[in-house]
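Okay, so here's the structure we're looking at.
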Amino acid sequence: MAPWTAANISDLTGRTALVTGANSGLGFETAKALAERGASVILACRDATRCDAAAQRIRQAVPPAQLEQLLLDLSDLDSVRAFADEVGTRHGTLDILVNNAGVMAPPTRLTTKQGFELQFGTNHLGHFALTGLLLPSLMRAAGSRIVTVSSFAHEAGQIDFDDLQRERAYTPYGAYSASKLANLLFMLELDRRLRAADAGTISVGAHPGFANTNLQAAGPFLGTKPLLSWFVLGGVRLMGQSAAQGAEPQLYAATAPGVEGGDYYGPKSRFRGHAAPSTMAPQARDEDAGVRLWDVSERLTGVDMDEAIAP
Ligand SMILES: NC(=O)c1ccc[n+]([C@@H]2O[C@H](COP(=O)([O-])OP(=O)(O)OC[C@H]3O[C@@H](n4cnc5c(N)ncnc54)[C@H](OP(=O)(O)O)[C@@H]3O)[C@@H](O)[C@H]2O)c1
């Protein structure tokens with residue numbers, strides 16, 4: 001059977017999708033593919049110029065694309081709230097949310113506006129809060145989907161609940177892996193709660209394998225020489241699959257028929273290839289850790305997700 005590609009996505013006319021980190025890499029390709037199939041796409045980006053440039057590139061490829069550009073900084077919970085309010089005002093329903101944006105492995109411990117370790121705060125807490133605040137719109141849309149993007153790096157992830165903000169021990173990739181593990185613990189806990197509430201919305205996970213994007217140059221070289229980051233990007237370009245192919249698992253999770261809550265998709269051959277079911281590490285399936293992370297995330301963000309799930 002021919003592999004699934006973005007060309008298999010069915011007509012999405014009349015559906016609204018929101019993609020975080022839509023100006024670059026996987027988020028850009030995801031937004032473009034959804035727009036190509038007729039969805040109205042909200043590009044959530046933290047920088048207006050980069051957002052405009054991405055919208056222009058999508059419109060060049062897909063002239064009838066229906067796009068909205070809205071600013072969202074996931075490392076600032078005030079920005080997340082303002083953004084979610086704006087989306088809620090403009091859209092009564094939301095069919096697809098792709099929690100895609102991410103930052104990887106800055107060399108030193110950085111913090112979000114509210115003082116959380118940057119990767120945990122952006123990759124997990126920012127998306128946790130965003131999802132909770134958008135849940136009313138998502139739950140009003142029949143068959144809506146929330147896709148959270150993780151990484152094979154989650155397999156090395158460990159969450160230290162006594163040092164969640166990595167104040168005692170920061171390592172760049174240790175914090176990144178933990179944030180990607182948090183993405184999956186959240187995705188599965190959300191799935192369990194949506195099922196318990198008999199909701200029509202599903203929570204699904206995806207990862208791109210190893211894809212040629214800006215990720216490997218952006219975080220690890222924050223504050224260092226651009227020349228070095230270009231050198232690394234050159235290496236990534238040689239080894240990684242295209243961003244378009246890397247985006248296939250999250251597009252599959254967001255649109256393919258037969259996808260169920262709690263599913264996890266990635267490239268067929270671990271780091272590259274077309275979308276296929278993927279395997280989570282045992283620590284991602286730890287239900288106690290899922291509940292504990294949920295509770296602490298509600299406390300840290302001030303977003304009461306349970307209230308939105310159980311009307
Ligand atoms: N590429 C890979 O091989 C790979 C592998 C495993 C998992 N992933 C995951 O894939 C996802 C997408 O990454 P990518 O590879 O496409 O990298 P990318 O090209 O660097 O894109 C990351 C996106 O996230 C945005 N972002 C970063 N911090 C943000 C913040 N505070 N608020 C809002 N947006 C923010 C970036 O915005 P700016 O452009 O403004 O910085 C950019 O749009 C991430 O979750 C990553 O962990 C990627």
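When a ligand or atom number is given, it counts from 1 through the structure's own listing order.
- Legend: side chain to side chain donor-acceptor pair (under 3.5 Å) pairs involving residues 43-65, not counting sequence neighbours, sorted by first then second residue: D52-Q69.
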Dump the pairs for me: ligand 1 N or O, protein N or O, distance under 3.5 Å, to 0.1 Å.
residue, atom, partner, partner atom, Å
ligand 1, 1 (N), A211, O, 3.2
ligand 1, 1 (N), T213, OG1, 3.2
ligand 1, 3 (O), A211, N, 2.8
ligand 1, 3 (O), A211, O, 3.4
ligand 1, 3 (O), Q216, NE2, 3.3
ligand 1, 15 (O), T213, OG1, 2.6
ligand 1, 16 (O), L26, N, 2.9
ligand 1, 17 (O), T213, OG1, 3.4
ligand 1, 19 (O), S24, OG, 2.6
ligand 1, 19 (O), N214, N, 3.1
ligand 1, 20 (O), L215, N, 3.2
ligand 1, 24 (O), G102, N, 3.2
ligand 1, 31 (N), D73, OD1, 3.0
ligand 1, 32 (N), L74, N, 2.9
ligand 1, 39 (O), N23, ND2, 2.8
ligand 1, 40 (O), R46, NE, 3.1
ligand 1, 40 (O), R50, NE, 3.0
ligand 1, 40 (O), R50, NH2, 2.7
ligand 1, 41 (O), R46, NE, 3.4
ligand 1, 41 (O), R46, NH2, 2.7
ligand 1, 43 (O), G21, O, 3.3
ligand 1, 43 (O), N23, OD1, 2.7
ligand 1, 45 (O), N100, O, 2.7
ligand 1, 45 (O), K180, NZ, 2.9
ligand 1, 47 (O), Y176, OH, 2.6
ligand 1, 47 (O), K180, NZ, 3.0

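- Aromatic ring centres of H207 and Y264: separated by under 6.0 Å.
- Considering only residues two or more places apart in sequence or on other chains, A199 meets the side chain to side chain contact (heavy atoms under 4.5 Å, CB included) condition with M139, L194.
- For T20, the side chain to side chain donor-acceptor pair (under 3.5 Å) criterion is met by H127, not counting sequence neighbours.
- In the model, D76 has no side-chain atom that pairs as donor or acceptor with a side-chain atom of T112 under 3.5 Å.
- Using a 3.5 Å distance cut-off with no hydrogens or angles, the side chains of T201 and S144 do pair a donor with an acceptor.
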